[in-house]
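Chain A is the first sequence line, chain B the second, and so forth, proteins listed ahead of strands; every chain is numbered from 1.
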2 protein chains.
Amino acid sequence: MDRMDPILIFKALSNETRLRILSWLKEPEKHFPVHEGGDGLSLGVCVSHIQEKAGLSQSTVSHYLLLLQRAGLVEAARRGQWTYYRRNERTLRELAAFIGEQV
Amino acid sequence: MDRMDPILIFKALSNETRLRILSWLKEPEKHFPVHEGGDGLSLGVCVSHIQEKAGLSQSTVSHYLLLLQRAGLVEAARRGQWTYYRRNERTLRELAAFIGEQV
DNA sequence: TTGACCTATCGAGGTTTTTCGATACAATGG
DNA sequence: CCATTGTATCGAAAAACCTCGATAGGTCAA
């Protein structure tokens with residue numbers, strides 16, 4: 001039940017690519033090919049698909065996804081050699097509430 | 001009618017002090033003494049009051065306020081030797097909408 | 001076991017942010 | 001005009017961030 005850290009979240013969102021990744025993950029089927037492994041796209045999208053679309057190096061994208069994860073904006077699921085990332089809608093709702101009430 | 005720049009906004013919010021300034025300005029009368037000049041607090045709060053509460057150097061706070069202003073999160077009003085800063089609620093509403101819809 | 005593949009981590013460069021003190025600019029009061 | 005006060009800008013040092021290539025670790029197929 002770890003509490004939301006607004007600074008970490010805002011830092012994660014302070015980058016064009018990370019913002020785009022997050023919005024791509026809103027409708028994965030619209031932006032990524034279906035992956036053979038994970039049940040459709042419910043698990044999320046694997047790093048290589050995200051990397052390809054982002055057009056940055058593999059290490060950078062992996063790092064970005066870690067930042068998004070530490071901010072609680074995405075969740076990761078390891079399946080075999082793949083790591084699937086998907087949005088964490090709860091944090092995004094909390095963020096909207098935070099902006100409406102605290103900021 | 002300059003359009004909101006989410007990156008600029010998120011960068012401005014990625015700092016504890018700037019976040020606190022913004023929240024202080026939500027209820028100025030609760031956090032700042034009334035200033036002799038500006039009509040009550042409708043104009044906003046002057047830099048020195050904000051600086052005192054923030055506990056950082058004058059130049060840093062002035063810089064922070066400029067960052068918040070460039071992000072459209074606050075507005076400035078010059079009156080004599082004072083500059084009063086107040087929140088720009090419109091941008092904050094737009095930000096909440098952006099998070100709900102785009103992110 | 002070996003090789004291929006996916007992802008994470010390391011190390012490093014260049015850039016940006018943070019924060020300060022010093023200084024410049026503007027307005028006010030003698 | 002001068003001194004004072006409030007604010008903005010400049011220049012600089014330290015820290016953090018961005019991004020890469022290289023490499024390490026885990027997994028699968030042959």
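With rounding to the nearest 0.5 angstrom, the OH atom of A:Tyr85 is 5.5 Å from the OG atom of A:Ser62. Separation of atoms CZ (B:Arg87) and NZ (B:Lys26) is listed at 5.0 Å; rounding is to 0.5 Å. One distance of note links CZ of A:Phe98 with CE of A:Met4; it measures 5.5 Å at 0.5 Å rounding.
Atoms CZ (A:Arg70) and P (D:dC17) sit 10 Å apart, rounded to a whole Å. Residue B:Leu68 contributes atom CG, which lies 12 Å from atom P of D:dA8 at whole-angstrom precision. As rounded to whole Å, 11 Å separates atom P of C:dG21 from atom CD of B:Gln51. A straight line from CD1 of A:Ile7 to C1' of D:dA16 spans 14 Å, rounded to a whole angstrom.
The aromatic rings of A:His31 and A:Trp24 sit tilted, their planes meeting at an angle between 30° and 60°.
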For this session: Using the salt bridge (Lys or Arg N to Asp or Glu O under 4.0 Å) rule, take A:Arg93 and A:Glu89 through it: C-alpha gap first, then chi angles, then the decisive distance, then the call.
Result: CA-CA 6 Å; A:Arg93 277 194 304 273; A:Glu89 301 292 350; 5.7 Å; no
N/O to N/O distances under 3.5 Å, protein versus nucleotides 4-8 of chain C:
{"unit_1": "C:dC5", "atom_1": "O2", "unit_2": "A:Gln81", "atom_2": "NE2", "d": "3.1"}
{"unit_1": "C:dT7", "atom_1": "OP1", "unit_2": "A:Val47", "atom_2": "N", "d": "3.2"}
{"unit_1": "C:dT7", "atom_1": "OP1", "unit_2": "A:Thr83", "atom_2": "N", "d": "3.3"}
{"unit_1": "C:dT7", "atom_1": "OP2", "unit_2": "A:Ser48", "atom_2": "N", "d": "2.8"}
{"unit_1": "C:dT7", "atom_1": "OP2", "unit_2": "A:Ser48", "atom_2": "OG", "d": "2.4"}
{"unit_1": "C:dT7", "atom_1": "O3'", "unit_2": "A:Thr83", "atom_2": "OG1", "d": "3.0"}
{"unit_1": "C:dA8", "atom_1": "OP1", "unit_2": "A:Tyr85", "atom_2": "OH", "d": "3.1"}
{"unit_1": "C:dA8", "atom_1": "OP2", "unit_2": "A:Ser62", "atom_2": "OG", "d": "2.9"}
{"unit_1": "C:dA8", "atom_1": "N7", "unit_2": "A:Gln58", "atom_2": "OE1", "d": "3.4"}
{"unit_1": "C:dA8", "atom_1": "N7", "unit_2": "A:Gln58", "atom_2": "NE2", "d": "3.1"}
{"unit_1": "C:dA8", "atom_1": "N6", "unit_2": "A:Gln58", "atom_2": "OE1", "d": "2.9"}

Could you write out each protein N or O paired with an N or O of nucleotides 15-18 of chain C at a distance under 3.5 Å?
{"unit_1": "C:dT17", "atom_1": "OP1", "unit_2": "B:Lys11", "atom_2": "NZ", "d": "3.1"}
{"unit_1": "C:dT18", "atom_1": "OP1", "unit_2": "B:Arg18", "atom_2": "NH2", "d": "3.3"}
{"unit_1": "C:dT18", "atom_1": "OP2", "unit_2": "B:Arg18", "atom_2": "NH1", "d": "3.3"}
{"unit_1": "C:dT18", "atom_1": "OP2", "unit_2": "B:Arg18", "atom_2": "NH2", "d": "3.4"}

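The side-chain heavy atoms of B:Phe32 and B:Val45, taken from C-beta on, include a pair separated by under 4.5 Å.
Applying side-chain contact (heavy atoms from CB on, under 4.5 Å) to B:Leu73 and the options B:Leu13, B:Ile21, B:Asn88 leaves one that passes, B:Leu13.
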Report all side-chain donor-acceptor pairs from residues 52-60 of chain B shorter than 3.5 Å, counting only partners two or more places apart or in another chain.
{"unit_1": "B:Ser57", "atom_1": "OG", "unit_2": "B:Ser59", "atom_2": "OG", "d": "3.3"}
{"unit_1": "B:Ser57", "atom_1": "OG", "unit_2": "B:Thr60", "atom_2": "N", "d": "3.1"}
{"unit_1": "B:Ser57", "atom_1": "OG", "unit_2": "B:Thr60", "atom_2": "OG1", "d": "2.9"}

